[in-house]
Participant: 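First, the structure itself, so that you have it in front of you.
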Amino acid sequence: MHNREERILLGHGSGGRLSHDLIKNIMLPAFANSALAELHDGARLAIGGTQLAFTTDSYVVKPRFFPGGDIGKLAVCGTVNDLAMCGARPLYLSAGFILEEGLPVAELKHIVASMRETALAAGVDIVTGDTKVVEKGAVDGIYINTAGIGIMLPRVDITAKRVKPGQDIIVSGPLGDHAVAVMSERHGLTLPERVISDCAPLNKLIEAMLAEVPQIAMLRDPTRGGLATTLNEIAADAGVGMILEESLMPVRPEVLAVCEILGFDPLYLANEGKVIAIVEKEYSEKVLTIMKQHEFSAAARIIGTVTNQAAGQVALRTTVGGLRLLDMLSGEQLPRIC
């Protein structure tokens, strides 16, 4: 009897356990090097005495246009934010387009204009790129890849190795907005106007935070797999435990209602304009003060703490006092969300 051939599943793109296993078992052994081994949002590189960050990402979101953004805005924000999470100032992006035969030119113009406006807002230039056209049916309209390069900010060392027990876990605002906005457009659901994608460039916010508190240990944007999966990755890399407080989780009532109806957990939903910051308690209030002055993080709050117990695990203290283990996302809640 032959073993069934293993194949790629949608869950391998979720950012959860299957994605983690794919990277660990196939990508890391094939491309092993010290920069890749950090498994950060981008590679930190030293070139001729200059400290740089370099990252790349591809965008296949469906639908291409959604409340609060589109695939073009998403492609710029995602790569800018990945550089910022490394502790870098984003400078330059590339843009690669795979276009399906039959894509309306008006849509392409709209998407390109959105990319231009978002790059201008972020203070970056799109300096190189590539365009390919494939036959109808080979892709879903348009896929975009953006790569980015930035210069590391001084006195900053953002790494899971600096995450220690006793530090606070801060999140910049409501969770799950992006995923619910995309899902509502995909399925023709009507939501309140304030539930839109949080897609935004966070580099200026992050730079302001690091200018005042370079001691921040870790920054991550909870995109695919959401808050719970992102914190699981950090906890595993740092060899620490984490306890979150359910009563402090920032989720809009409208988003929570959608999740309850459709069976989603907002802690696992993708965000495209949020940041997780992990910092020593003595600096937490200063970080929060800076964040609350910025439009993208006015609702920032401490949601939990790093512990020396249950290394590699994340738990949620429920409103009734029990502890619920939050594992990595298993499978795929919402495919093609970014």
Side-chain angles (χ1 to χ4, degrees), residues 11 14-21 160 162-180 183 195 198 217-271 274-285 287-288 291 297 299-334 337:
S14 68
R17 175 130 350 247
L18 288 177
S19 297
H20 181 269
D21 291 344
R162 295 184 56 233
V163 175
K164 306 295 181 185
Q167 293 174 338
D168 281 332
I169 304 167
I170 300 172
V171 70
S172 60
L175 302 169
D177 288 1
H178 173 73
V180 168
M183 180 189 64
V195 181
D198 60 350
M218 190 64 184
L219 296 166
R220 284 287 300 276
D221 52 343
T223 53
R224 292 179 304 164
L227 175 82
T229 298
T230 301
L231 289 180
N232 265 279
E233 292 172 350
I234 297 171
D237 291 344
V240 298
M242 296 180 181
I243 295 182
L244 311 180
E245 301 294 335
E246 185 178 35
S247 61
L248 299 178
M249 287 299 112
V251 182
R252 298 184 197 279
E254 300 92 337
V255 170
L256 190 60
V258 171
C259 289
E260 289 176 347
I261 291 170
L262 300 179
F264 296 134
D265 186 334
L267 300 186
Y268 290 91
L269 291 182
N271 311 271
K274 296 296 184 292
V275 57
I276 299 166
I278 302 180
V279 63
E280 297 286 352
K281 287 186 181 293
E282 62 185 291
Y283 299 113
S284 294
E285 288 305 318
V287 171
L288 281 173
M291 295 177 80
S297 52
R301 62 173 67 174
I302 297 170
I303 58 168
T305 188
V306 181
T307 76
N308 58 7
Q309 299 177 341
Q313 295 186 331
V314 179
L316 181 73
R317 195 190 319 274
T318 67
T319 52
V320 295
L323 284 179
R324 169 193 162 201
L325 189 64
L326 298 177
D327 203 351
M328 281 191 177
L329 177 64
S330 178
E332 176 71 88
Q333 278 205 109
L334 293 170
I337 210 72

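Values below: every heavy atom of this structure, side chains too, minus hydrogens, waters and symmetry copies.
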Participant: Strictly distance-based, threshold 3.5 Å: is any side-chain N or O of His178 a donor or acceptor partner for the main-chain N or O of Ile337?
Facilitator: yes
Participant: Would you mind reporting whether Glu285 and Ile302 have side-chain heavy atoms less than 4.5 Å apart?
Facilitator: yes
Participant: Would you indicate whether the side-chain heavy atoms of Val180 and Arg252 approach each other to under 4.5 Å?
Facilitator: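 Result no, sub-4.5 Å side-chain heavy-atom pair not found.
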Participant: What are the two closest non-hydrogen atoms of Thr230 and Arg220, and how far apart are they?
Facilitator: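 Where Thr230 meets Arg220 most closely, the heavy atoms are CG2-CB, 3.7 Å.
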Participant: To the nearest 0.5 Å, how far apart are OG1 in Thr318 and CD in Glu245?
Facilitator: 9.5 Å
Participant: With a cut-off of 6.0 Å (strictly less than), are more than 12 heavy atoms of other residues, nucleotides or ligands near CD of Glu282?
Facilitator: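 More than 12 heavy atoms, drawn from other residues, nucleotides or ligands, come within 6.0 Å of this atom.
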Participant: In Å and rounded to the nearest 0.5 Å, what is the CD1 to CD1 distance from Ile276 to Ile170?
Facilitator: 11.5 Å
Participant: Less than 4.0 angstrom from a charged side-chain N to a carboxylate O is my criterion; do Glu246 and Arg324 meet it?
Facilitator: no
Participant: State, to 0.1 Å, how close Val251 and Leu256 come at their nearest heavy-atom pair, and which atoms those are.
Facilitator: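 Taking Val251 first and Leu256 second, the nearest heavy atoms are CG1-N, 4.0 Å.
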Participant: Got a donor-acceptor contact below 3.5 angstrom from the Asp221 side chain to the Thr223 backbone?
Facilitator: no
Participant: Quick check for you: to the nearest 0.5 Å, what is the distance between Gln313 atom CD and Leu231 atom CG?
Facilitator: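 Spacing of CD (Gln313) from CG (Leu231) equals 13.5 Å.
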Participant: Search all heavy atoms of Ile234 against all heavy atoms of Ala160 and return the closest pair with its distance.
Facilitator: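 In terms of heavy atoms, the two residues are closest at O-CB, 4.4 Å.
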Participant: If you define the side chain from C-beta out and look only at heavy atoms, does anything of Asn232 sit under 4.5 Å from His20?
Facilitator: no
Participant: Does the side-chain contact (heavy atoms from CB on, under 4.5 Å) test come out yes or no for Asp327 and Arg17, once each step is laid out?
Facilitator: CA-CA 9 Å; Asp327 203 351; Arg17 175 130 350 247; 2.6 Å; yes
Participant: What distance do Leu323 atom CG and Ile243 atom CD1 have between them, rounded to the nearest 0.5 Å?
Facilitator: 5.5 Å
Participant: Quick check against the 3.5 Å criterion: does Ser297 have a side-chain atom that pairs as donor or acceptor with the backbone of Met291?
Facilitator: yes
Participant: Kindly say whether Val275 contributes a backbone atom to a donor-acceptor pair with the side chain of Ser172 at under 3.5 angstrom?
Facilitator: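 Yes; judged by distance alone, with no hydrogens or angles, the pair exists.
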Participant: Could you check whether any side-chain N or O of Gln167 sits under 3.5 Å from a backbone N or O of Arg162, counting only pairs where one atom can act as donor and the other as acceptor?
Facilitator: yes
Participant: CG/Leu326 to CG/Leu227 distance, rounded to the nearest 0.5 angstrom?
Facilitator: 8.0 Å
Participant: With a 4.5 Å limit on heavy-atom distance, are the side chains of Leu267 and Leu175 in contact?
Facilitator: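 Sidechains of Leu175 and Leu267: in contact.
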Participant: Report yes or no: does Asn271 contribute a side-chain atom to a donor-acceptor pair with the main-chain N or O of Gly176 at less than 3.5 Å?
Facilitator: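 Flag set: sc Asn271 to bb Gly176 pair under 3.5 Å.
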Participant: Would you find a donor on one side and an acceptor on the other, under 3.5 Å apart, between the side chain of Ser19 and the backbone of Ser14?
Facilitator: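 Yes, Ser19 side chain to Ser14 backbone: donor-acceptor pair under 3.5 Å.
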Participant: Measuring from Met218:CE to Lys164:NZ, what's the distance to the nearest 0.5 Å?
Facilitator: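 So the gap between those two atoms works out to 13.0 Å.
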Participant: Taking all non-hydrogen atoms of both residues into account, name the closest pair between Gly239 and Ala311 and its distance.
Facilitator: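 Heavy atoms only, the tightest pair is O-CB, 3.6 Å.
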Participant: Give the minimum heavy-atom separation between Tyr268 and Leu329, together with the two atoms involved.
Facilitator: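 Smallest interatomic distance, heavy atoms only, reads CE2-N, 3.6 Å.
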Participant: Contact between Val171 and Pro250 at the side-chain level, heavy atoms closer than 4.5 Å - yes or no?
Facilitator: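 Counting from C-beta outward, Val171 and Pro250 do come under 4.5 Å.
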